[in-house]
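Note that ligands are numbered from 1 as they come in the structure, with each ligand's atoms numbered from 1 the same way.
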Amino acid sequence: MKRIFSGIQPTGEIHIGNYVGAIKQWVELTEEYDCIYCVVDYHAITIEYDIETLKQRTINTGLILLACGLSPDNSKIFVQSHVPEHTELTWIFNCVTPIGELERMTQFKDKARQHRENINMGLMDYPVLQAADILIYKAGYVPVGEDQVQHIELSREIARKFNSRFGKIFPEPQAILSQAPRILGVDGVNKMSKSMNNYIGLLEDKETIWEKLRTAVTDVNRVRRTDPGTPELCNIYTIHTAFSKNEVLLEIDKGCRSASIGCIDCKKTLFQNMMKELDPIREKAEALKKDENYVKDVLINGAKACSEIAKKTMEEVRSGLGLFWP
Ligand code: AMP
Ligand code: TRP
């Protein structure tokens, strides 16, 4: 079976951008692929973070993945630092990765701008660790949001460089994008993200979600209720495509273009459909919070299974490199 790998950072509240851009398709893909999903704690320490809460946020991230429908029966779920081969392979990949490639990564440039006081080596090396995450499992497919595509392309290049020098060990992984790979924040301008206060949290209460949706920016050219709108310019419509059925989308599209429905009506429909999907997730998360030991066990057992695969790959890698190894 073809293998999938993807990861999520335990950096803060998981939002509907994460869900729509990534996690929702992670769950769908479990039906056809051998899936490995990882809470990437070593990526999270490349920026300033709160030491006191990292552990709990790591567990909570695992909890949310389970609440969304992942389970040890359909995938392997684990914490990155529990399988140290990821960092070992990173070192080796460092030796085939041109610095120039890392310097031109958009995410690195953005984060370096945001964290001028701490532009550390790890921040620059972040995509190499990401390549190691994927390739240590020889995963061929990586479901991510659009912001990660450049990193996956770099992973392909690292695989290619490694293979041509040390023997064909790694596949060249491809990104898999969801139908809504880039969700903007409620500001309608920036990508929805944990670091900006423009997100709708996956587990926020209904009232808060509605308040955020109600006031979210739509198509900026639609000023008056009677102005026709353009769905493809509207972030709310993009979110609709993830939560609403095709017939609803057609109606919204028609109604928006002809101004027969207004933005608030459109948002009400979205809210209802969102809640249909998010209510069960919230309930499951509440139940899992009462059984945190289960979540921890899932993560620990997931790491055991992943360790075995990672160890095998490292044996091949060491042999390809020509290391002396007992
Ligand atoms: P992160 O929270 O940065 O670890 O991201 C986890 C996953 O969510 C990655 O696959 C991202 O590409 C995806 N993602 C994050 N923000 C968004 C967004 N605003 N729209 C779509 N996908 C996103
Ligand atoms: N960099 C990814 C993000 O911020 C998270 C990540 C780490 C990842 N390792 C990965 C995604 C490997 C896919 C594959 O979203």
Side-chain angles (χ1 to χ4, degrees), residues 3-27 29 35-47 49 57-58 60-62 64-65 68 78-81 83 86-87 89-90 93 102 105-108 110-111 114 122-156 158-159 171 173-196 198-202 216 235 238-239 241-242 306:
R3 185 168 284 154
I4 292 244
F5 182 95
S6 199
I8 183 163
Q9 302 185 74
T11 38
E13 213 176 319
I14 291 183
H15 51 71
I16 61 161
N18 296 132
Y19 179 71
V20 164
I23 302 170
K24 189 171 165 162
Q25 60 162 353
W26 294 6
V27 179
L29 289 164
C35 294
I36 304 181
Y37 298 120
C38 184
V39 182
V40 292
D41 50 353
Y42 277 155
H43 277 108
I45 66 167
T46 57
I47 55 172
Y49 70 98
R57 275 184 286 116
T58 302
N60 281 351
T61 305
I64 290 186
L65 296 183
C68 288
F78 75 110
V79 177
Q80 188 183 37
S81 66
V83 183
H86 289 230
T87 43
L89 185 59
T90 302
F93 283 171
L102 297 177
M105 290 291 119
T106 310
Q107 185 173 303
F108 170 67
D110 286 349
K111 286 197 176 170
Q114 285 163 18
L123 190 63
M124 193 171 185
D125 211 26
Y126 180 116
V128 183
L129 176 57
Q130 184 163 349
D133 292 340
I134 300 164
L135 293 171
I136 194 108
Y137 303 106
K138 301 189 181 182
Y141 301 91
V142 190
V144 283
E146 194 180 66
D147 61 340
Q148 295 303 313
V149 169
Q150 195 182 33
H151 288 168
I152 311 306
E153 279 163 6
L154 182 70
S155 301
R156 297 168 65 81
I158 291 175
Q174 288 171 25
I176 300 183
L177 294 180
S178 75
Q179 83 278 30
R182 184 165 184 266
I183 301 292
L184 300 180
V186 290
D187 53 15
V189 182
N190 299 298
K191 188 187 77 165
M192 184 176 285
S193 91
K194 297 166 196 169
S195 58
M196 292 217 206
N198 68 355
Y199 66 84
I200 297 178
L202 194 63
N235 187 41
T238 309
I239 302 176
T241 62
C306 289

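Residue contacts with ligand 1: K194 is included, with a non-hydrogen atom under 4.0 Å away. The shortest heavy-atom distance from P181 to ligand 1 is under 4.0 Å.
Counting heavy atoms from C-beta outward, Q25 and Q179 have side chains that stay 4.5 Å or more apart. Side-chain contact between I8 and W26 is present, with at least one heavy-atom pair separated by less than 4.5 Å.
For the pair G145 and ligand 1, the shortest N or O to N or O distance falls below 3.5 Å. No N or O atom of H151 sits closer than 3.5 Å to an N or O atom of ligand 2. Residue M192 has at least one nitrogen or oxygen atom sitting less than 3.5 Å from a nitrogen or oxygen atom of ligand 1, judged on distance alone. Close N/O approach between Q107 and ligand 2 is not found [any backbone or side-chain N/O within under 3.5 Å].
Heavy-atom proximity to A22, at under 4.0 Å, picks out these atoms of ligand 1: 7 (C), 8 (O), 10 (O). Listed by number with element, the atoms of ligand 1 under 4.0 Å from a non-hydrogen atom of V144 are 10 (O). Each of the following atoms of ligand 2 lies closer than 4.0 Å to a heavy atom of V144: 11 (C), 13 (C). Within the listing of ligand 2, atoms 12 (C), 14 (C) sit less than 4.0 angstrom from a heavy atom of F5. Per-residue contacts place Q148 under 4.0 angstrom from the following atoms of ligand 1 (heavy atoms of the residue considered): 12 (O). Here is the list of ligand 2 atoms found below 4.0 Å of a heavy atom in V142: 13 (C), 14 (C). Close contacts between ligand 1 and H15 involve ligand atoms 16 (N) [criterion: under 4.0 Å to a heavy atom]. Close approach to G21 involves these atoms of ligand 1, each under 4.0 Å from a residue heavy atom: 21 (C), 22 (N). The S6 neighbourhood of ligand 2 comprises atoms 11 (C), 13 (C), 14 (C), with distances under 4.0 Å to a heavy atom of that residue.
Atom-to-atom distance recorded for I152:CD1 and F5:CZ is 10.0 Å, nearest 0.5 angstrom. Rounded to the nearest 0.5 Å, atoms CD (Q107) and CD (Q150) are 9.0 Å apart. Annotation: the span from I23 atom CD1 to S178 atom OG amounts to 11.5 Å, rounded to 0.5 Å.
Here the shortest heavy-atom distance to atom 23 (C) of ligand 1, taken over G7, A44, G17, belongs to G17. Heavy-atom proximity to atom 11 (C) of ligand 2, evaluated over H86, Q130, H43, is greatest for Q130. Within the set V149, I183, I152, D147, the minimum heavy-atom distance to atom 12 (O) of ligand 1 is found for D147. If you check each of Q9, E13, E146, Q107 against atom 4 (O) of ligand 1, the one with the closest non-hydrogen atom is Q9.
For Y137 and H86, the ring centers sit closer than 6.0 Å to each other.
At a heavy-atom cutoff of 4.0 Å, ligand 2 is contacted by the side chain of Q9 but not by its backbone. At a heavy-atom cutoff of 4.0 Å, ligand 2 is contacted by the side chain of I134 but not by its backbone.
Looking at atom 9 (N) of ligand 2, its nearest protein heavy atom turns out to be D133 OD2, 2.7 Å. The closest protein non-hydrogen atom to atom 5 (C) of ligand 2 is G7 O, 3.6 Å. At the shortest separation from atom 6 (C) of ligand 1 among protein heavy atoms lies N18 ND2, 3.5 Å. At the shortest separation from atom 1 (N) of ligand 2 among protein heavy atoms lies Y126 OH, 2.7 Å.
L135 and P173 make their closest contact through CD2-CD, 3.8 Å (heavy atoms, listed as atom of the first residue, atom of the second, distance). Of all non-hydrogen atoms in L29 and Y37, the two that sit nearest each other are CB-OH, 4.2 Å. Shortest non-hydrogen contact noted between C306 and V83 is CB-CG2, 4.2 Å. Shown here for K194 and Q9, the closest heavy-atom pair between the two residues is NZ-O, 3.0 Å. For V39 against G62, the heavy-atom pair with the smallest separation is CG2-N, 4.1 Å. In terms of heavy atoms, N198 sits closest to S193 at OD1-N, 3.1 Å.
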For this session: Apply side-chain contact (heavy atoms from CB on, under 4.5 Å) to Y199 and I16, showing your working.
Result: CA-CA 8 Å; Y199 66 84; I16 61 161; over 6 Å; no
For this session: Begin from the C-alpha positions of L184 and R182 and carry the test side-chain contact (heavy atoms from CB on, under 4.5 Å) through to its verdict.
Result: CA-CA 6 Å; L184 300 180; R182 184 165 184 266; 3.6 Å; yes
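At most 12 non-hydrogen atoms from other residues, nucleotides or ligands lie less than 6.0 angstrom from OH of Y42.
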